[in-house]
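Just below is one structure, and these are the notes that go with it.
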Amino acid sequence: MGPAGSRSGARIIGWGAALPEKVLTNDELAATLDTNDAWITERTGIRSRHIGGTTSGLAIEAATRAMESANCTADDIDLVVLATTTPDDIVPATACAVQDALGITGGAFDVNAACSGFVYALVAASGMLGLGAKRALVIGAETMSRITDYTDRTLAILSADGAGAVVLEATNGPSALLGWDLGSDGSARKLLYCEWGAYMKMQGREL
């Protein structure tokens, strides 16, 4: 790593993606939900979605392709940042499993910011590059099918699994990230949430 503030920007030099093999169609959802292909397609544009796999497995596959695209090896990567709301485990971070599988050393951590997770991860990684890191692997990976209520047609038709990754490289030239403006409104939690993995209730008592 170089001295803090030695570089002014970051550029994307490689990218990759991964999808599970299993495909869930609108017609298959319609077999158990009060919906149909026309209703889903008209409102979302979605005709099918990929489901299955693990968050780490999909992240590793996407990251491997991104590194190949960037012509990078594990030794070229200083940092792994994984955006996910569906980690394989509570501890350790799923980024650590990805790091280990790819043979990368250096920092590795998860970012949980739901749909905006990849944006948060990209901003965080860009900041680390500005502090001296040379290259960062930024990944967005989800296995939403594990926490989706497939009796709720408002969410079941939208959820899917997959991963995307980029290799971000520090540069003194023009930056791919022109600026950032992150925001959050925690008061809207009641509109979309999942208590899976947060706490348990047994016999009316919180544990």
Side-chain angles (χ1 to χ4, degrees), residues 4-5 7-12 15 17-18 43-46 49-51 54-56 58-59 62-63 66 78-99 106-133 135-150 152-170 175-201 206-207:
R7 301 178 183 89
S8 60
R11 62 179 185 142
I12 294 173
W15 51 89
R43 289 162 176 78
T44 69
I46 300 171
R49 70 281 300 141
H50 291 258
I51 62 171
T54 63
T55 297
S56 60
L58 292 169
D78 298 321
L79 175 71
V80 178
V81 185
L82 172 62
T84 185
T85 57
T86 52
D88 289 346
D89 302 292
I90 300 301
V91 176
T94 301
C96 296
V98 176
Q99 176 197 50
F109 61 92
D110 290 356
V111 173
N112 182 347
C115 297
S116 57
F118 189 85
V119 174
Y120 273 75
L122 188 66
V123 172
S126 296
M128 299 290 276
L129 295 186
L131 290 172
R135 295 180 189 88
L137 187 58
V138 182
I139 311 165
E142 298 288 1
T143 46
M144 295 298 294
S145 63
R146 294 191 292 120
I147 63 172
T148 297
D149 180 359
Y150 281 98
D152 181 355
R153 73 171 186 173
T154 62
L155 292 177
I157 64 173
L158 300 174
S159 297
D161 305 329
V166 299
V167 175
L168 205 61
E169 182 179 70
S175 178
L177 184 64
L178 302 181
W180 56 271
D181 182 12
L182 303 180
S184 179
D185 181 2
S187 67
R189 178 187 182 278
K190 61 183 179 181
L191 300 178
L192 183 62
Y193 62 92
C194 176
E195 294 176 337
W196 178 82
Y199 64 85
M200 296 174 60
K201 288 185 177 181
E206 292 188 5
L207 300 179

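Note that the coordinates shown come from a computational prediction; the quantities given were computed from them, not determined experimentally.
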Can you name the residues that form a side-chain contact (heavy atoms from CB on, under 4.5 Å) with A125, not counting sequence neighbours?
V81, A136, V138, L168
Holding to side-chain contact (heavy atoms from CB on, under 4.5 Å), I want the full list of residues that pass it with T148, two or more places apart in sequence or in another chain.
M144, Y150, A156, S159
Test item: D161 side-chain N/O and S145 main-chain N/O as donor-acceptor pair under 3.5 Å
yes
Name each donor-acceptor pair under 3.5 Å that joins a side chain in residues 111-121 to protein atoms two or more places apart or in another chain, with its distance.
from : atom 1 : to   : atom 2 : distance (Å)
S116 : OG     : A113 : O      : 2.9
Y120 : OH     : G183 : O      : 3.2

Closer than 3.5 angstrom, by distance alone: can the side chain of R49 be matched with the main-chain N or O of I157 as a donor-acceptor pair?
yes
Go through the structure and list residues passing side-chain hydrogen bond (donor to acceptor under 3.5 Å, both in side chains) with D89, not counting sequence neighbours.
none
Work out which heavy atom in L129 is nearest to a heavy atom in A170; give both atom names and the distance.
CD1-N, 3.7 Å
Could you list all the salt bridge (charged side-chain N to carboxylate O under 4.0 Å, His left out) pairs where at least one residue sits in residues 135-145, not counting sequence neighbours?
R135-E169
Listed by chain and number, what are the salt bridge (charged side-chain N to carboxylate O under 4.0 Å, His left out) partners of R43, not counting sequence neighbours?
none
Scanning both residues in full, the closest heavy-atom pair of A165 with I139 reads CB-CG1, 3.9 Å
Do the side-chain N and O atoms of T94 and S56 include a donor-acceptor pair separated by under 3.5 angstrom?
no
Atom of V167, atom of A66 and distance for their closest heavy-atom approach:
CG2-O, 3.7 Å
Side-chain (T55) to main-chain (T86) donor-acceptor, under 3.5 angstrom
yes
Could you tell me which non-hydrogen atom of L137 sits nearest to which non-hydrogen atom of A63, and how far apart they are?
CD2-CB, 3.5 Å
Side chains of L155 and D149, heavy atoms from C-beta outward: is any pair under 4.5 Å?
no
State which residue, out of T84, T85, L58, fulfils the side-chain contact (heavy atoms from CB on, under 4.5 Å) condition with T143.
L58
If every non-hydrogen atom of A160 is compared with every non-hydrogen atom of I51, which pair is closest and at what distance?
CA-CG2, 4.3 Å
Shortest non-hydrogen contact between L82 and A59, atoms and distance:
CD1-CB, 4.1 Å
